[in-house]
Amino acid sequence: MNAVYIEELARHVGREVLVQGWLYNKRSSGKVRFVIVRDGTGLVQGVVTPDADPDAFALAERLPQEASLRVWGTVRVDPRAPGGHELSVTRIEPVHIPKEPFPIGLKEHGVGFLMDHRHLWIRMRRQAPILRVRDAVLWAIRAFFHERGYVATEAPIVVGTAVEGTTTLFPLEYFGQPAYLSQSGQLYLEATCMALGKVYWIGPVFRAEKSKTRRHLTEFWMAEAEVAFLEHDGNLQLQEDLVRYIVESVVAERRRDLEELERDPEVLLAEVAAPFARVTYREAVDIVRARGVAMEPGEDFGAPGEDALSQHFGRPVFVERFPARIKPFYMKRDPENPDLALNADLIAPEGYGEIIGGSQRVDSEEELLRQLCEANLPEEAYRWYMDLRRWGSVPHSGFGLGVERVVAWVAGIPHIREAIPFPRTLDRLYP
RNA sequence: UCCCCGGUAGCUCAGUUGGCAGAGCAGCCGGCUGUUAACCGGCGGGCCGGAGGUUCGAGUCCUCCCCGGGGAGCCA
């Protein structure tokens, strides 16, 4: 008999099937025993009675949580069962019976304990749907760019230069030379977009920031795009199209997981239905201050400021044209006001913070050199980057999207650490 | 780096004015024919984060340290 996955059970009603998985939970009521089996695609309740199979009935009492097993049974529709389908069990075959109790019970646990057991925690009820949503987000990003003819190109992970400065880099030794883990693939994408026109990549980046917040990881995944001949306004439109595409794809493909997470798909769809809001940095500062959050013009927005903007608009909002002084050296200046950068941050709704940072890039050699010097960065290390402005420089723009922040928003989970299988945070390198 | 909270059974926590170390869950034993984190009865389970101090007596008070969580700054 061929094995089936639990998510396919609706197609097998009335037939006997084999389900292979793990014992999630069991209950007993004298002469009826219930085994809740998970297989990675969902949960199903098996009903075991002594008359159907005495051996299975005995096993249903004995098997501990997370025992791996094969279960044969007939699929029935039953509204009493979680998921709507139920298995009338005819046979149970243990694959592996644990000798010790599974560390993670079905009752509540503390965050520290769960994080220490992350390798087992991901088996539990809420975690699997989150990771399936993550998969759907990543697929949506790839599909979006692939449909538009973008070429996926990779940036190196081990690099010799900083993108944003040197304080947040993880240093390592590279055959006797100093090297770093990349904090962004952007500079390399600028090079590949001059070769291929429009490019993207999805990869891990590393920031040694000593941040302890629900929005930060030291290792996270970024989806970055870079497009030759694309200017600021087109860049914003591209980002908006991408974010809407992601949300609509995930809702279409993973509605059941969102519902399992008690995330209302209609709320998400409503948030991205209308054109995203767009405000300038100056307007945003006024809005933030009007909502009672203290900040001075010229400062970056803190988390409370982002939350205020988030609440004010109730949908994604672009904040554009920041003071160039507080932004990286590679951003092109606003031709109408050289104190401003041609950049934008995209703030997600519901307090999920900045999910995209992007800008039009400097395209003139002289301007780039000047801004490199102002940022006190070593010219020599950026010589190759300067070369891009020496041969056929064109206006170009790009952005980076924080995958885990998007997953957290779409899944509606409070903390980014659950949006990646094995989060790396300030004080956590295990497991 | 700074601010706040916490560390007691495998897990989640309670522990009064400083006076015998507790509960629920998990585990084990028993009961129950439709359970929904099932329920009911019983049993075992402790370096109270570590070091020092105050005291007749410290889980409780003081000092230092370690670990974890939340937030700030910074960022996606």
Side-chain angles (χ1 to χ4, degrees), chain A residues 24-36 43 45-52 57 60-62 64-66 76 78-83 86 88 98-117 121 124-126 163-165 167-168 183-186 202 204-224 239 295 299-307 326-328 345-348 352-358 399-409 414-417 419-420 425-428 430:
Chain A
Y24 187 79
N25 192 16
K26 62 184 180 188
R27 285 182 290 271
S28 158
S29 180
K31 296 289 178 277
V32 182
R33 288 172 185 166
F34 302 91
V35 290
I36 315 298
L43 293 168
Q45 170 166 283
V47 185
V48 195
T49 54
D51 43 313
F57 187 71
E61 181 68 18
R62 211 178 86 226
Q65 187 185 357
E66 287 302 307
R76 284 202 333 268
D78 193 319
R80 290 172 296 185
E86 189 168 81
S88 296
K99 294 181 178 64
E100 296 168 58
F102 191 63
I104 302 179
L106 300 173
K107 304 280 179 177
E108 56 186 318
H109 293 283
V111 172
F113 177 82
L114 289 171
M115 291 296 290
D116 284 340
H117 297 81
W121 184 22
M124 305 307 290
R125 192 159 216 161
R126 283 178 55 80
V163 175
E164 316 270 355
T167 53
T168 62
Q183 52 186 188
S184 165
Q186 181 202 313
I202 303 173
V205 294
F206 307 86
R207 306 250 169 119
E209 291 158 0
K210 298 198 170 177
S211 305
K212 293 182 61 155
T213 81
R214 69 184 66 205
R215 296 169 177 170
H216 287 84
L217 299 170
T218 53
E219 174 185 301
F220 64 97
W221 284 65
M222 201 140 75
E224 302 187 88
Q239 293 167 38
M295 75 175 283
E299 290 177 349
D300 211 338
F301 301 95
E306 286 181 0
D307 289 350
I326 58 171
K327 286 293 171 184
D345 286 352
L346 181 63
I347 313 292
Y352 283 94
E354 181 186 346
I355 52 172
I356 290 182
F399 62 89
L401 172 148
V403 171
E404 287 76 17
R405 286 190 183 172
V406 170
V407 171
W409 165 45
H415 202 299
I416 195 175
R417 68 181 155 225
I420 185 170
T425 57
L426 184 54
D427 294 309
R428 208 163 271 286
Y430 177 94

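Each chain gets a letter, A, B and so on, in the order its sequence line appears, and its residues count up from 1.
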Original post:
Looking across every strand, which nucleic acid part, if any, lies under 4.0 Å from A:Thr49 by heavy atom: base, sugar-phosphate, or nothing?
Top reply: nothing

Original post:
Does B:rG57 have a Watson-Crick or wobble mate here (both distances under 3.5 Å), and if so which one?
Top reply: none

Original post:
Quick one: does A:Met124's side chain get under 4.5 Å of A:Phe102's, heavy atoms only?
Top reply: yes

Subject >> Phosphate contact (B:rG71 OP1 or OP2) by A:Lys212 side-chain N/O below 4.0 Å >> reply: no

Original post:
For the pair made of CZ in A:Arg215 and P in B:rA72, what is the distance, rounded to whole Å?
Top reply: 7 Å

**OP:** Name the nucleic acid region contacted by A:Glu306, choosing base, sugar-phosphate or nothing; use a 4.0 angstrom heavy-atom cut-off, strictly under.
**Re:** base

Original post:
Rounded to the Å, how far apart are A:Gln45 CD and B:rA37 C1'?
Top reply: 13 Å

Pairs under 3.5 Å (N/O, protein and nucleotides 24-27 of chain B):
none

**OP:** Could you please spell out the steps behind the side chain to side chain contact (heavy atoms under 4.5 Å, CB included) verdict for A:Val111 and A:His415?
**Re:** CA-CA 11 Å; A:Val111 172; A:His415 202 299; over 6 Å; no

Original post:
When you check the phosphate oxygens OP1 and OP2 of B:rG69, does a side-chain N or O of A:Arg428 lie under 4.0 Å from one of them?
Top reply: yes

**OP:** May I ask you to say what A:Ile355 touches in the nucleic acid, namely base, sugar-phosphate or nothing, with a heavy-atom cut-off under 4.0 Å?
**Re:** sugar-phosphate

Subject >> RNA chain B: 5'-proximal contact among A:Leu217 and A:Pro304 (nearest heavy atom) >> reply: A:Pro304

**OP:** Give A:Arg125 one of three labels, base, sugar-phosphate or nothing, depending on what nucleic acid heavy atoms sit under 4.0 Å from its own.
**Re:** nothing

Subject >> Whole-Å distance separating the CZ atom of A:Phe113 from the P atom of B:rC11 >> reply: 6 Å

Subject >> Base partner of B:rU17, which must satisfy Watson-Crick or wobble distances under 3.5 Å >> reply: none

Original post:
Hey, does A:Arg126 reach any base, or is it just sugar-phosphate, or nothing, if we go heavy atoms under 4.0 Å?
Top reply: nothing

Subject >> Any side-chain heavy-atom pair of A:Arg207 and A:Leu217 under 4.5 Å >> reply: no

Subject >> Counterpart base for B:rG52, defined by Watson-Crick or G-U wobble contacts under 3.5 Å >> reply: B:rC62

Subject >> Under 3.5 Å donor-acceptor pair, A:Thr213 side-chain atoms to B:rG70 base atoms >> reply: no

**OP:** Between B:rA21 and B:rU8, how far apart are the C1' atoms? Round to whole Å, please.
**Re:** 9 Å

Subject >> A:His117 NE2 to B:rC11 P, straight-line distance once rounded to whole Å >> reply: 8 Å

Original post:
To the nearest Å, how far apart are A:His216 NE2 and B:rG70 P?
Top reply: 13 Å

Subject >> P gap between B:rG59 and B:rG15, integer Å >> reply: 16 Å

Original post:
Distance between the P atoms of B:rA37 and B:rA14, in whole angstroms?
Top reply: 25 Å

Original post:
Does any N or O in the side chain of A:Arg405 come within less than 3.5 Å of the main-chain N or O of A:Ile355, such that one atom is a donor and the other an acceptor?
Top reply: no

Subject >> Base-pairing assignment for B:rC2 (Watson-Crick or G-U wobble, both under 3.5 Å) >> reply: B:rG71

Subject >> Euclidean distance, atom CG of residue A:Asp345 to atom C1' of B:rA76 [Å, nearest integer] >> reply: 9 Å

Original post:
What interatomic distance, in whole Å, is found between C1' of B:rU55 and the corresponding atom of B:rG19?
Top reply: 12 Å

**OP:** Just compare B:rG73, B:rG34, B:rA76 and give me whichever is closest to any side-chain atom of A:Lys210.
**Re:** B:rG73

**OP:** Determine, for A:Arg215 against A:Asp307, whether the closest basic-nitrogen to carboxylate-oxygen distance falls under 4.0 angstrom.
**Re:** yes

**OP:** Check the distance between B:rC66's P and A:Asp427's CG and give it to me in whole angstrom.
**Re:** 12 Å

Original post:
B:rA58 and B:rU1: how far apart are their C1' atoms, nearest whole angstrom?
Top reply: 35 Å

Subject >> Spacing of the P atoms in B:rC56 and B:rG69 (rounded, Å) >> reply: 41 Å

Original post:
Does the ring of A:Phe34 lie flat against the base of B:rG34, closer than 5.5 Å centre to centre with planes under 30°?
Top reply: no

Original post:
Between B:rG34 atom P and A:Asp51 atom CG, what is the distance in whole Å?
Top reply: 14 Å

Subject >> Between B:rU60 and B:rG24 - P atom distance, rounded Å >> reply: 25 Å

Original post:
For A:Glu61, which contact category applies under a 4.0 Å heavy-atom criterion: base, sugar-phosphate, or nothing?
Top reply: nothing

Original post:
Contact class for A:Gly353 (heavy atom, under 4.0 Å): base, sugar-phosphate, or nothing?
Top reply: nothing

Subject >> Selected nucleotide, minimal atom distance to A:Met222 side chain, candidates B:rG70, B:rG73, B:rA76 >> reply: B:rA76

Subject >> Test ring pair (Phe, Tyr, Trp, His ring centres under 6.0 Å) applied to A:Phe206 - qualifying residues, sequence neighbours left out >> reply: none

Subject >> A:Glu404 side chain to A:Glu219 backbone, donor-acceptor under 3.5 Å >> reply: no

**OP:** Mark yes or no for a side-chain to base donor-acceptor pair under 3.5 Å between A:Thr168 and B:rC74, with no hydrogen or angle criteria applied.
**Re:** no

Original post:
When the C1' atoms of B:rA26 and B:rC11 are considered, how many whole Å apart are they?
Top reply: 7 Å

Subject >> Modelled atom types, side-chain donor and acceptor of A:Gln45 and A:Arg27, under 3.5 Å >> reply: yes

Subject >> Partner residues of A:Arg214 under the salt bridge (charged side-chain N to carboxylate O under 4.0 Å, His left out) criterion, sequence neighbours left out >> reply: none

Original post:
Which residue, A:Val111 or A:Lys31, contacts RNA chain B at a nucleotide closer to its 5' end, judged by nearest heavy atom?
Top reply: A:Lys31

**OP:** Check whether any side-chain nitrogen or oxygen of A:His415 sits under 4.0 Å from OP1 or OP2 of B:rG70, and answer yes or no.
**Re:** yes

Original post:
Can you check whether A:Ala81's main-chain N or O pairs, donor with acceptor, with A:Glu86's side chain at less than 3.5 Å?
Top reply: no

